[in-house]
Amino acid sequence: MRSTTDTPEAVQAGQTRPGLRGRSPARWALLAVGLVVALALPWVIYPPVAMDIAAWALFAVALDLLLGYAGLLSFGHAAFWGSSAYVTGLVAIELGLPFPVAALLGAVAAMALALPIGLLSVRRSGIYFAMVTLAFAQMLFFVVNQWRDVTGGENGLQGVPRNFFGIEAVETEPFYFYYAALPLILAGMWFAWRVVHSPFGRVLVATRDNPARARALGYNVERYRVTVFVLSAGLAGLAGGLFALSHGFVSLQEVSWQTSGKVVLITVLGGIGTLWGAIIGAGLIVTLEDQLASSGFDGIGIITGSVFVIVVLLFRSGVWGTVTNLVARRRGQKVPSEDIGAADSEQGL
Amino acid sequence: MNAADHDAAPAQEHATGRTVALSARGLSKDFRGFRAVRNVDLDVVEGEVHALVGPNGAGKTTLFNLLTGYLKPTEGTITVHGKDITGREPEQIAHEGVARSFQITSLFDNLTPREHVELGLQGMAGGGLRFWRSDKRLLQYRERADELIAEVGLSALADRPAGELAYGQKRALEMALVISLDPKVLLLDEPTAGMGREDVNRTIELVRQIAVGRTVVFVDHNMHVVGSLAHHVTVLMAGEVLAQGTYDTVRTDSRVISAYLGEESRA
Ligand SMILES: Nc1ncnc2c1ncn2[C@@H]1O[C@H](COP(=O)(O)OP(=O)(O)OP(=O)(O)O)[C@@H](O)[C@H]1O
Ligand SMILES: [Mg+2]
C-alpha cells in the first residue's frame with residue numbers, strides 16, 4: 001500500500017497500535033486467510049450457521065467502528081440491526097424485490113433512524129451514552145411490539161422470501177444463499193476498513209483519545225460522532241437485514257436488549273479497535289451457541305457469559321488483541337500497556 | 001453579553017492607537033457561587049507578546065478557558081479582531097485563528113507526533129469528514145508536518161506513539177501542534193512548566209520565532225521567561241486584574257510586589 005513512504009518504524013508502530021495503520025505482508029496474508037475461511041465456511045459447518053456467523057461478524061464490526069475507534073459504547077445497537085430486519089422483511093414480502101435491494105433498503109432505514117438518535121445521544125459519553133442508546137432501543141422495542149398490523153407483534157414477520165432474480169438455488173438453499181450474500185457482508189467490512197483508514201478515521205481516533213484537544217484543533221467532535229454513529233448503524237442494518245433473510249422470518253428478538261448485549265459481548269470478547277477482533281468474536285460466540293444448542297443444553301447464556309467474564313478478566317484486550325500482542329512480543333516489539341477504547345476520556349483541562 | 005453595547009465602545013483601537021487582536025470586557029466566571037474570574041478587562045495588542053501572571057488559583061487557566069470557548073462566561077464579552085466570539089464553541093474559535101495549548105499536557109496517546117501535526121494541519125484546512133477517502137490524503141501535509149516536528153526537535157521520534165514520549169518531548173509536541181494551526185492569536189498555558197533550564201531557553205527561542213507576525217498570550221510562573229518574552233504583562237490575583245503594563249512597570253508596582261512577586265522571591 002504505502003510501502004514506499006512508510007518507514008519501518010511506522011509499520012512497527014502501526015502493528016502494535018490498535019486502530020491505526022500497519023501494512024505489511026503479514027496483513028495481506030491475514031486478509032487471504034480470512035477470505036479463504038469465509039469461502040470455505042459453509043463446506044465446514046451447517047450453511048445457515050455460517051450465514052449467522054457472517055451476519056454477526058458484520059454487526060460486530062459495525063459496533064467496533066463505534067466502540068473501538070470512536071470510544072462510544074452503544075448498548076442499543078439492536079435498534080439498527082432489528083429495524084433493518086423488519087424493513088428488509090417487509091420490503092421482501094410486500095414488494096418482492098431482490099434480497100440485496102431489500103437488505104440495502106433496510107440499512108438505509110437503520111441509518112435514517114440512527115440520525116436523530118445519534119444527534120440526541122452523542123452529547124453524552126461513557127456510561128451515559130450507553131444508557132441513552134439503550135433507552136432508545138427499548139422505545140423501538142415497545143413500538144415494534146405494539147404495532148402488530150405491520151410487524152406482527154409477538155408473532156413477528158413470517159415467510160420472508162429470498163428473491164434473487166428467479167435463481168432457485170439461492171432462493172431455497174442456504175448453501176447458495178450464503179455465497180450470494182457474502183459479497184454484501186464483505187463489502188460492509190471493506191467499508192468499515194475504509195472508514196478506519198480515512199482522514200475521518202484519524203480524527204475519530206483523536207476524538208476518542210482526547211475530545212477536548214480535538215476541538216482545539218478545530219474539529220467539531222459531535223459532528224464526527226454522529227457521522228460514525230450513522231455509518232455504524234448502516235452496517236448493523238445491513239447485517240440485520242441479511243440475518244432476517246437467511247432465517248426467513250423476523251422476531252422481536254432482533255430489537256431486544258439481549259441482541260444489543262450480545263453484539264457488545266462478541267466485540268469485546270474478540271478485542272476492540274481492530275475490526276478483526278469483532279469477526280473472531282462472532283465466529284467464537286455463534287459457533288459456541290450453536291454447539292450448545294444442538295447438544296440440547298439450555299443454559300447457553302451461562303456458558304457464553306462465563307466465557308466472556310474469563311476472557312475479559314484474563315485477556316483485557318480480547319482474543320485478537322491478545323494474539324497480536326503475543327506475536328508482537330515475540331518479534332521483540334514494544335506493546336502498549338494500556339487498553340484503548342470504551343473508557344470515557346472526557347477529561348478536564 | 002450583548003454585542004451591540006460592546007461594539008459601541010472603541011475597543012478596536014488601543015490607547016496606543018494600535019489594533020487590538022484579542023479583547024475581553026467585564027469577563028466573569030462563577031463556579032457554583034465562587035467567582036474564579038472577576039470583571040476582567042483585557043486588551044491584547046496585535047503582534048505583541050502578552051504575559052498573564054499571578055499566583056496559583058488566580059484564574060489564569062479559567063480565563064484561557066473562557067477565551068477559547070471551553071467555558072462560557074457568566075458575564076462579559078470576548079472579541080477577536082473586533083468580532084464578537086462570546087459563547088462560541090472551541091472549534092469555532094479555533095477557526096477564528098485562535099489556538100491554545102494546555103497547562104496539563106493534552107495529546108492523543110495513540111497517535112504519533114507526525115500524525116498529531118498532520119491532524120492539526122488538516123483541522124484548519126478541512127476535509128476531516130471524508131470517510132470515503134484514503135488516509136493517504138494526509139500525506140499532502142507530511143512535508144510541512146516534518147518541518148514543524150524538526151523545529152521542536154522531535155524528528156527522531158516522529159513515529160513513536162505520543163503516549164510513550166517523555167514529559168519534555170510531550171511539551172515540545174504541544175508547541176508543534178499549536179503552531180500547526182497557523183493561528184493569528186496563540187494562547188500558551190505554562191509552556192515551560194516542569195522544564196529544565198535548557199528546555200526553558202529553547203522554548204523561549206521557539207516562542208520568539210513563532211511570535212513573529214502573530215499575537216501571543218502566555219501564562220508562566222517563571223519570571224525569566226516573562227522578562228525575556230513579554231512586551232506587556234497582566235497580573236491576575238484572585239480572579240481580578242491587579243496590574244497591567246510593561247514588564248518593568250508591573251515589576252515595580254508595589255501592590256504586585258507585595259501580592260505576587262514577593263511571594264515568588266520568597267519561594
Ligand atoms: N471547573 C471548575 N470548577 C470549580 N472551580 C474551579 C474550576 N476550574 C477552576 N476552578 C477554581 O478557580 C480558581 C482558579 O483556577 P485556575 O485553574 O484558573 O487558576 P490558575 O491561575 O490557572 O492557577 P495555576 O497557576 O495553579 O495554574 C481556583 O480556585 C480553582 O480551584
Ligand atoms: Mg493554570
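Reminder, nothing fancy here: chain letters follow the sequence lines and each chain counts from 1.
For chain A, the option among B/Val178, B/Leu121, B/Leu129 with the highest count of heavy-atom pairs below 4.5 Å is B/Leu129. Interface check for chain A: of the options B/Ile93, B/Leu107, B/Thr68, B/Asp189, the most heavy-atom pairs under 4.5 Å are formed by B/Leu107.
Heavy-atom distances place the side chain of B/Leu181, and not its backbone, under 4.5 Å from chain A. Contact annotation for B/Glu96: neither backbone nor side-chain heavy atoms come within less than 4.5 Å of a heavy atom of chain A.
Atom-to-atom distance recorded for A/Asp209:CG and B/Asn110:CG is 4.5 Å, nearest 0.5 angstrom. Taking CD of B/Glu118 as the start and CZ of A/Arg202 as the end, the distance is 5.0 Å to the nearest 0.5 Å. The CH2 atom of B/Trp132 sits 9.5 Å away from atom CZ of A/Phe200, with the distance rounded to the nearest 0.5 Å. Once rounded to the nearest 0.5 Å, the distance linking CZ of A/Arg223 with CD of B/Glu91 reads 8.5 Å. Residue B/Leu177 holds its CG atom at 5.0 Å from CG of A/Leu217, rounded to the nearest 0.5 Å.
Under a cut-off of 6.0 angstrom, the local environment of CD in B/Gln209 is crowded, with over 12 non-hydrogen atoms contributed by other residues, nucleotides or ligands.
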- [ ] For side-chain hydrogen bond (donor to acceptor under 3.5 Å, both in side chains), just list the numbers for B/Ser106 and A/Asn210, CA-CA rounded to whole Å, side-chain angles, deciding distance to a tenth of an Å, and then say yes or no.
- [x] CA-CA 7 Å; B/Ser106 178; A/Asn210 192 341; 2.7 Å; yes
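Counting only heavy atoms from C-beta outward, the side chains of A/His197 and B/Ser134 never approach each other to under 4.5 Å. Contact check for A/Pro199 versus B/Arg133: side-chain heavy atoms found under the 4.5 Å cut-off. Between B/Phe108 and A/Arg208 the shortest side-chain heavy-atom distance does not fall below 4.5 Å.
Comment: B/Glu174 engages A/Arg213 in a salt bridge, judged by a side-chain N to carboxylate O separation of less than 4.0 angstrom.
The backbone N or O of B/Leu119 sits less than 3.5 Å from a side-chain atom of A/Tyr219, completing a donor-acceptor pair. Of the possible polar contacts, one joining the B/His95 side chain to the A/Gly218 backbone as a donor-acceptor pair under 3.5 Å is found.
Interface residues of residues 28-39 of chain B toward chain A, defined by a heavy-atom distance below 4.5 Å: none. When the heavy atoms of residues 227-236 of chain A are compared with those of chain B, the residues falling under 4.5 Å are A/Thr227, A/Leu231, listed by number.
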